[in-house]
Amino acid sequence: MIRTREAGTLRAADAGTTVTLAGWVARRRDHGGVTFLDLRDGSGVVQVVVRDMESVHDLRNEYCVAATGEVRPRPEGNANPDLATGEVEVVVETVEVLSEAAPLPFPIDEHKSSNINEEVRLRYRYLDLRREDMAANIRTRARVTRVIREVMDENGFFDVETPYLTRATPEGARDFLVPVRLQPGSWYALPQSPQLFKQLLMVGGLERYYQIARCFRDEDFRADRQPEFTQLDIEMSFVEQEDVLALAEKIYQRIWSRVAGVEIPLPLPRMTYVEAMARYGSDKPDVRFGQELVELTGYFQGTEFRVFQAEYVGAVVMPGGAGQTRKELDGWQDWAKARGARGLAYVVFDAETGEARGPVAKNLSAEHLAGLAEAVGAVAGDAVFFAAGGKTASQELLGAARLEIGRRGGLIDESRWAFLWVVDFPMFEPLTDDKGEFAGWHAVHHPFTSPTPEWLEGFDKDPGSALSNAYDLVLNGTELGGGSIRIHRREVQQRAFEAIGLSQEEAESKFGFLLDAFNYGPPPHGGIAFGLDRTVALITGADTIRDVIAFPKTASGGDPLTGAPAPITPEQRKEAGVDFTPKPKASAAPAAE
RNA sequence: GGUCCUGUAGAGCAGUUGGAGUGCUCGCCACCCUGUCAAGGUGGAGGUCGCGGGUUCAAGUCCCGUCAGGACCGCCA
């Protein structure tokens with residue numbers, strides 16, 4: 001090794017020893033006769049004292065250097081309590097430049113972090129990764145995956161890799177496609193998840209599978225979505241829901257214990273989907289604060305206000321919301337319209353008198369107004385927002401308003417880790433066409449999800465009510481992951497396909513290999529998959545998963561560092577066969593896609 | 001596909017109702033300085049105001065378009 005010690009590990013006890021360090025110049029303080037260098041390596045920073053001014057005169061920030069010298073206690077009164085190595089310094093005669101650095105495109109060593117343009121950070125990601133926060137995030141990510149592998153190993157799981165070049169899946173997200181040179185006109189798809197392969201592994205008798213797998217989805221991106229992302233993917237045979245949840249809890253408890261130093265009490269709380277929607281207006285509720293939704297459908301029965309003559313009427317209270325200006329209150333209307341609602345009706349309770357005011361108040365009867373504050377749990381000075389209409393849509397609007405209220409009002413306890421299972425999801429949701437008319441059923445989770453035991457016989461007779469054996473793990477309002485017990489009987493799978501309007505022929509052509517496999521004694525099985533990027537983002541406090549991925553992409557799918565995606569040459573086009581025009585097949589081919 | 005925000009020196013920002021020379025902090029370059037740790041001091045360099053068009057006597061500022069980055073809606077089994 002070029003160095004004998006890591007800079008960040010030096011302590012008072014090392015005084016008197018001679019060490020060779022190697023790292024980067026984080027900062028230089030030149031006093032004319034003496035120069036102090038902050039030398040940074042992967043372990044941290046230590047102060048290097050140089051008196052031979054010749055050797056440091058040309059040093060600049062982020063030069064890569066090696067320095068040999070004696071570790072000494074700092075002179076009386078010169079210790080720096082802000083540094084782990086602040087008790088000591090390394091006194092060297094000369095410093096060797098291993099490589100020079102050009103002037104930097106943005107500051108690496110900052111006394112306070114500023115928001116550097118993300119595009120510049122990504123173009124120079126190798127410099128961005130030297131910055132304190134990013135360096136810590138990437139290391140934390142590795143700790144998380146190490147803990148995961150440890151727990152999986154302790155519980156008898158086998159890490160199995162599945163193909164990245166596979167077949168397009170008909171349901172779900174848009175696939176990324178890869179042309180196949182040897183078969184022009186045919187394309188691989190990158191997997192949206194290893195879902196089908198892990199079920200095949202169960203048929204294969206592996207019993208306990210896991211993989212830290214890359215997944216690919218060609219959809220629009222968000223702060224917590226990238227075109228390629230990483231899942232902890234798990235599948236188990238001969239298990240019931242309780243077994244999967246118990247394993248997942250073990251994994252997350254260990255991660256938080258080892259990486260965050262926080263002991264999460266088990267078992268984690270659970271909530272049904274119906275309850276989550278009713279109380280929080282979300283299937284991934286943030287339970288770190290109150291302001292639960294209040295259903296008022298019954299309360300407003302018989303009202304003459306036509307807006308409230310609806311399938312569902314609900315409300316959410318904004319504490320102190322009566323103090324908002326008219327402009328702020330109107331702002332909520334725009335906010336609601338931006339997410340496709342007609343508006344967000346409100347009533348404010350006068351801070352002095354408690355009197356209900358606002359445009360909606362005029363439309364309500366004296367009785368309805370008189371009891372309103374009590375019905376919704378509001379006090380003088382509060383505002384109440386209402387949503388009326390379809391139940392799910394109204395609950396979701398109120399749920400979004402609740403989150404906004406929590407954010408604006410500082411009601412969220414940021415120190416909490418609020419884990420929560422959401423269970424008993426509906427098996428299907430209605431699909432609507434362009435006119436908003438019912439157009440069939442759609443699997444909420446995926447079409448291999450088993451109904452709960454009670455719905456095993458009747459799920460296809462009443463798809464709108466059937467519950468599935470699916471579960472989501474939620475943390476602080478973010479979906480960490482989800483899974484289900486799968487259907488393992490061919491006959492049940494057939495009925496599930498029929499319920500979502502997938503004919504036997506279509507099912508055969510798309511999932512035939514899975515259905516074939518299910519002819520050979522498939523074990524009962526189930527599993528779960530977790531978003532590793534989101535998990536690490538939460539535990540590090542990162543604002544976006546881009547900050548916990550070494551080389552992420554921008555919102556338009558580009559990578560400013562490599563310039564990907566890039567045009568291809570005509571030769572590549574030709575060779576890849578991307579322009580191949582398939583011959584129209586005879587009408588006899590049933591599986592034509 | 002839609003809505004919104006941002007784009008001014010290498011970085012972070014300011015720039016008023018359109019009005020004479022676009023400014024501040026950090027960084028960069030040169031020099032001074034022997035105990036700093038966000039070192040300090042003196043001097044200096046560095047700008048197609050994202051790009052294109054329009055309105056105007058006059059545009060960093062107003063309008064239209066476009067590109068890039070970001071947030072959100074749709075989408076993401």
Side-chain angles (χ1 to χ4, degrees), chain A residues 26-39 45-51 53 57-58 60-62 74-83 85-86 89 91 101-124 127-128 131 169-175 192-193 195-196 215-227 229 334-341 396-397 400 403-404 425 427-429 431 441-449 468 470 479 482-484 496 500 502 529 531 543-544 546 553-556 558 560:
Chain A
R27 212 168 259 281
R28 189 179 72 130
R29 293 177 293 279
D30 183 347
H31 287 249
V34 61
T35 294
F36 301 99
L37 299 176
D38 288 342
L39 191 144
V45 178
V46 73
Q47 173 162 286
V48 170
V49 184
V50 187
R51 294 186 200 278
M53 300 311 285
H57 182 265
D58 292 329
R60 294 294 180 267
N61 282 346
E62 300 305 321
R74 293 199 186 183
E76 188 70 30
N78 277 345
N80 184 347
D82 296 333
L83 288 181
T85 60
E89 58 193 13
V91 181
L104 301 167
F106 52 80
I108 307 292
D109 183 76
E110 290 184 294
H111 56 277
K112 59 171 185 184
S113 62
S114 52
N115 295 323
I116 311 290
N117 182 297
E118 214 174 327
E119 194 188 355
V120 181
R121 284 177 52 199
L122 291 181
R123 187 178 321 139
Y124 300 94
L127 290 178
D128 194 34
R131 302 169 78 219
T169 43
E171 291 241 357
R174 202 172 292 115
D175 289 306
Q192 297 174 25
S193 78
Q195 181 61 39
L196 298 171
C215 304
F216 306 87
R217 292 178 192 176
D218 185 9
E219 296 293 345
D220 289 0
F221 314 139
R222 286 293 193 324
D224 61 352
R225 289 192 338 221
Q226 284 269 300
F229 61 97
D334 298 333
W335 175 89
K337 282 171 186 159
R339 51 189 63 225
E396 284 174 350
L397 178 64
L403 288 178
E404 195 62 31
F425 277 81
M427 202 166 167
F428 305 104
E429 61 192 353
L431 272 179
W441 297 101
H442 175 254
V444 169
H445 191 57
H446 59 59
F448 315 110
T449 300
S468 70
E479 181 190 329
S484 64
I500 58 172
L502 202 62
D543 293 328
T544 148
R546 292 188 298 275
K553 289 172 180 60
T554 66
S556 56

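The chains referred to below are lettered A, B, ... by the order of the sequence lines, with proteins before strands, and numbering in each begins at 1. Owing to the predicted nature of the structure, the values given are computational and were not obtained by experimental measurement.
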Strictly distance-based, threshold 3.5 Å: is any side-chain N or O of [X] a donor or acceptor partner for the main-chain N or O of [Y]?
{"X": "S193(A)", "Y": "C215(A)", "value": "no"}
{"X": "S484(A)", "Y": "A470(A)", "value": "no"}
{"X": "R74(A)", "Y": "E89(A)", "value": "no"}

Taking only N and O in the side chain of [X], is any of them less than 4.0 Å away from OP1 or OP2 of [N]?
{"X": "R60(A)", "N": "rC29(B)", "result": "yes"}
{"X": "R29(A)", "N": "rG35(B)", "result": "no"}
{"X": "R222(A)", "N": "rC73(B)", "result": "yes"}

Given the structure, check if the side chain of [X] and the base of [N] hold any donor-acceptor pair shorter than 3.5 Å.
{"X": "E89(A)", "N": "rG35(B)", "value": "yes"}
{"X": "D38(A)", "N": "rC37(B)", "value": "no"}
{"X": "R74(A)", "N": "rC37(B)", "value": "yes"}
{"X": "R225(A)", "N": "rC75(B)", "value": "yes"}

Rounded to whole angstrom units, what separation is found between the [atom1] atom of [X] and the [atom2] atom of [N]?
{"X": "H57(A)", "N": "rC33(B)", "atom1": "NE2", "atom2": "P", "result": "11 Å"}
{"X": "F36(A)", "N": "rA38(B)", "atom1": "CZ", "atom2": "P", "result": "13 Å"}
{"X": "D224(A)", "N": "rC73(B)", "atom1": "CG", "atom2": "P", "result": "9 Å"}
{"X": "E479(A)", "N": "rC76(B)", "atom1": "CD", "atom2": "C1'", "result": "10 Å"}
{"X": "D30(A)", "N": "rC28(B)", "atom1": "CG", "atom2": "C1'", "result": "15 Å"}
{"X": "I108(A)", "N": "rC26(B)", "atom1": "CD1", "atom2": "P", "result": "19 Å"}
{"X": "F221(A)", "N": "rC73(B)", "atom1": "CZ", "atom2": "P", "result": "16 Å"}
{"X": "R131(A)", "N": "rG12(B)", "atom1": "CZ", "atom2": "C1'", "result": "11 Å"}

Considering Watson-Crick and G-U wobble pairs with both distances under 3.5 Å, what does [N] pair with?
{"N": "rC37(B)", "result": "none"}
{"N": "rA71(B)", "result": "rU3(B)"}
{"N": "rU66(B)", "result": "rG50(B)"}
{"N": "rG12(B)", "result": "rC24(B)"}
{"N": "rG18(B)", "result": "none"}
{"N": "rU56(B)", "result": "none"}

key: W441(A) side chain reached by M427(A) side chain, heavy atoms, under 4.5 Å   = no
inquiry  = Return whichever of Q47(A) or M53(A) has its heavy-atom-nearest nucleotide of RNA chain B closer to the 5' end.
reply    = M53(A)
ask   = Which sits closer to the 5' end of RNA chain B, N61(A) or I116(A), going by the nucleotide each is nearest to?
value = I116(A)
Taking N or O atoms only and anything under 3.5 Å, show me the protein contacts with nucleotides 66-69 of chain B, one pair per line.
residue: rA68(B); atom: O2'; partner: E119(A); partner atom: OE1; Å: 2.9
residue: rA68(B); atom: O2'; partner: E119(A); partner atom: OE2; Å: 3.3
residue: rG69(B); atom: OP1; partner: T554(A); partner atom: OG1; Å: 3.2
residue: rG69(B); atom: OP1; partner: S556(A); partner atom: OG; Å: 3.2
residue: rG69(B); atom: OP2; partner: S556(A); partner atom: OG; Å: 3.0

Where the side chain of [X] is concerned, which of [options] is the nearest nucleotide?
{"X": "N78(A)", "options": "rC76(B), rU36(B), rU34(B)", "result": "rU36(B)"}
{"X": "E219(A)", "options": "rA11(B), rC75(B), rA30(B)", "result": "rC75(B)"}
{"X": "H31(A)", "options": "rA30(B), rA11(B), rA39(B)", "result": "rA39(B)"}

key: Salt bridge flag under 4.0 Å for residues D220(A) and R225(A)   = no
query = Taking NZ, NE, NH1 and NH2 as the nitrogens, is one of them in E110(A) or R131(A) under 4.0 Å from a carboxylate oxygen of the other?
reply = yes
Partners passing ring pair (Phe, Tyr, Trp, His ring centres under 6.0 Å) against H442(A) (at least two apart in sequence or in another chain) = none
ask   = Who pairs with F216(A) by ring pair (Phe, Tyr, Trp, His ring centres under 6.0 Å), at least two apart in sequence or on another chain?
value = Y164(A)
